[in-house]
Amino acid sequence: MDLSAIVADIAAEMADAPDRGTPADYIPALAGVDPAHFGMAIVEADGNCHLAGDADRAFSIQSISKVFALTLALGAVGDQLWRRVGREPSGTAFNSIVQLETEHGIPRNPFINAGAIVVADVLLGSHEPREAIGEMLRFVRALAGEEDIRIDAAVAHDEMETGHRNQALAHYMRAFGNLHHPVERVLGVYFHFCALAMSCRQLALAGRYLMARGVNPGPGRSVVSPQRARRINALMMSCGHYDGSGEFAFRVGLPGKSGVGGGILAIVPGRASIAVWSPGLNARGNSQLGTLALERLVQRTGWSVFDPQAG
């Protein structure tokens with residue numbers, strides 16, 4: 001199987017795709033990103049890397065950062081986290097407040113905004129926000145083996161200026177006692193996590209531990225236990241695309257996490273870590289072409305976890 005040729009063919013198809021979706025227009029720094037961009041990176045278990053398009057162009061990973069934040073939070077407090085965050089699909093939009101009242105301020109899962117805000121509260125701990133943000137930055141740099149990964153200050157500023165729904169979610173959970181720190185401090189951490197800027201290549205490198213039973217294949221260091229890696233992948237499969245998670249599982253069949261910056265991190269357990277980016281979103285806030293590209297990839301490789309030849 002010639003993965004480099006497959007990736008190049010998919011990138012060429014995406015370049016000609018007529019329906020590219022619409023970039024997130026409620027965050028000014030993202031609204032002006034050209035929807036013509038498309039990048040794709042696959043890092044195999046043996047370290048081989050296959051790139052196409054804008055695979056080395058940094059973009060705002062947004063909610064994909066929730067995967068790394070969850071990993072850090074589980075390392076900090078273990079399964080105690082699940083007392084404050086659920087593990088079920090939400091069935092509602094990523095920034096919905098509807099379920100919080102009936103479920104007493106406990107978010108459905110760590111990948112919707114409310115759940116990720118609780119995770120940020122956990123990671124804040126006894127630290128200053130700057131320290132918690134620095135810990136995240138060091139973590140993703142270590143995972144990717146890249147020191148030039150940064151936080152886009154302009155995106156973080158725009159998030160703080162326009163994140164009124166996230167403020168509402170945070171205040172609501174604070175009222176239920178599920179946030180332990182002042183709302184503005186927690187949201188400062190959360191918004192800076194979302195403003196991480198990475199390329200597809202860097203993102204695929206950072207996700208390797210999830211395809212390698214919790215071990216980062218580069219330095220050979222354990223990041224999480226095999227069981228925890230499996231459970232993070234399970235949450236990505238069931239909750240990683242918000243109320244479009246079922247559709248993504250149906251079409252692609254891989255654990256994946258999307259972000260409104262147009263990126264998707266997808267994992268082929270035991271085989272590969274994949275990142276795609278195209279800033280145009282579909283109606284559910286997931287990358288239009290990124291989803292299509294991953295669908296084409298599993299069709300040509302048989303990598304869906306539901307394919308008997310996978311693994």
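- Side-chain atoms of Gln62 and Glu159, non-hydrogen and from C-beta on, do get closer than 4.5 Å to each other.
- Remark: Glu88 engages no residue in a salt bridge (Lys or Arg N to Asp or Glu O under 4.0 Å) (not counting sequence neighbours).
- Between Cys239 and Ser245 the shortest heavy-atom distance is C-OG, 3.3 Å.
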(request) Let me see the working for Glu103 and Arg108 under salt bridge (charged side-chain N to carboxylate O under 4.0 Å, His left out), right down to the final yes or no. (result) CA-CA 8 Å; Glu103 296 177 4; Arg108 279 284 178 95; 2.8 Å; yes
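- Between Gly188 and Ile133, the closest heavy-atom pair is O-CD1, 4.0 Å.
- Looking only at side-chain heavy atoms (C-beta outward), Arg185 and Glu128 come within less than 4.5 Å of each other.
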(message) Show, in sequence, the C-alpha distance, side-chain angles and deciding distance for Val7 and Leu51, and conclude whether the side chain to side chain contact (heavy atoms under 4.5 Å, CB included) test is met.
(response) CA-CA 7 Å; Val7 169; Leu51 309 177; over 6 Å; no
(request) Dump the intermediate steps for side chain to side chain contact (heavy atoms under 4.5 Å, CB included) on Phe111 and Leu235, then the final yes or no. (result) CA-CA 8 Å; Phe111 293 153; Leu235 284 167; 3.8 Å; yes
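- Between the side chain of Asp158 and the backbone N or O of Ala29, at least one donor-acceptor pair lies under 3.5 Å.
- In summary, the side chains of His50 and Glu44 do present a donor paired with an acceptor at a separation below 3.5 Å, with no hydrogens or angles considered.
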(message) Set out, in order, the CA-CA distance, both residues' side-chain angles and the distance that settles side chain to side chain donor-acceptor pair (under 3.5 Å) for Ser225 and Gln227, then state yes or no.
(response) CA-CA 5 Å; Ser225 69; Gln227 181 188 58; 5.0 Å; no
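- Closest of all the heavy-atom pairs between Leu30 and Ser60 is CD2-CB, 3.8 Å.
- At least one side-chain heavy atom of Ser238 sits under 4.5 Å from a side-chain heavy atom of Pro89.
- Taking both residues in full, the closest heavy atoms of Arg228 and Leu74 are given as NH1-O, 3.1 Å, listed atom of the first, atom of the second, then distance.
- Residues Val268 and Leu254 meet the side-chain proximity criterion, which asks for heavy atoms closer than 4.5 Å.
- Relative ring orientation between Trp277 and Phe59 is described as parallel, the plane-to-plane angle staying below 30° on a 0-90° scale split at 30° and 60°.
- Judged by distance alone, with hydrogens and angles left aside, the side-chain atoms of Arg208 form a donor-acceptor pair with the main-chain N or O of Leu205 at under 3.5 Å.
- Taking a 6.0 Å sphere around NE2 of His180, one finds it holds more than 12 heavy atoms contributed by other residues, nucleotides or ligands.
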(request) For the pair Asp148 and Gln202, evaluate side chain to side chain donor-acceptor pair (under 3.5 Å) and give the outcome as yes or no after the intermediate values. (result) CA-CA 10 Å; Asp148 63 342; Gln202 292 170 330; 2.8 Å; yes
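- Every salt bridge (Lys or Arg N to Asp or Glu O under 4.0 Å) that Arg251 has, sequence neighbours left out, goes to Glu295.
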(message) Working note: Leu210 + Val67, criterion side chain to side chain contact (heavy atoms under 4.5 Å, CB included); need CA distance, chi angles, decisive distance, verdict.
(response) CA-CA 10 Å; Leu210 292 172; Val67 174; 3.7 Å; yes
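- The aromatic rings of His241 and Phe248 sit parallel, their planes meeting at an angle under 30°, below the 60° perpendicular limit.
- For the pair Met211 and Pro269, the minimum side-chain heavy-atom distance is 4.5 Å or more.
- Between Asp121 and Asn178, the shortest heavy-atom distance links the atoms OD2-O, 4.3 Å.
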(message) Using side chain to side chain donor-acceptor pair (under 3.5 Å), reason through Tyr209 and Thr71 one step at a time and then give a plain yes or no.
(response) CA-CA 11 Å; Tyr209 71 102; Thr71 302; 2.7 Å; yes
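- Using a 4.0 Å cut-off between charged nitrogen and carboxylate oxygen, Glu13 and Arg300 count as a salt-bridge pair.
- A salt bridge does not link Arg141 to Glu146: none of the charged side-chain nitrogens sits closer than 4.0 Å to a carboxylate oxygen.
- By the 4.5 Å heavy-atom criterion applied to side chains, Val305 and Pro255 are counted as neighbours.
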(request) Please step through side chain to side chain contact (heavy atoms under 4.5 Å, CB included) for the pair Met14 and Ser278, ending with a clear verdict. (result) CA-CA 9 Å; Met14 297 304 104; Ser278 184; over 6 Å; no
(request) Test Glu247 against Arg284 for salt bridge (charged side-chain N to carboxylate O under 4.0 Å, His left out), laying out the working first. (result) CA-CA 10 Å; Glu247 179 71 11; Arg284 289 176 171 170; 5.3 Å; no
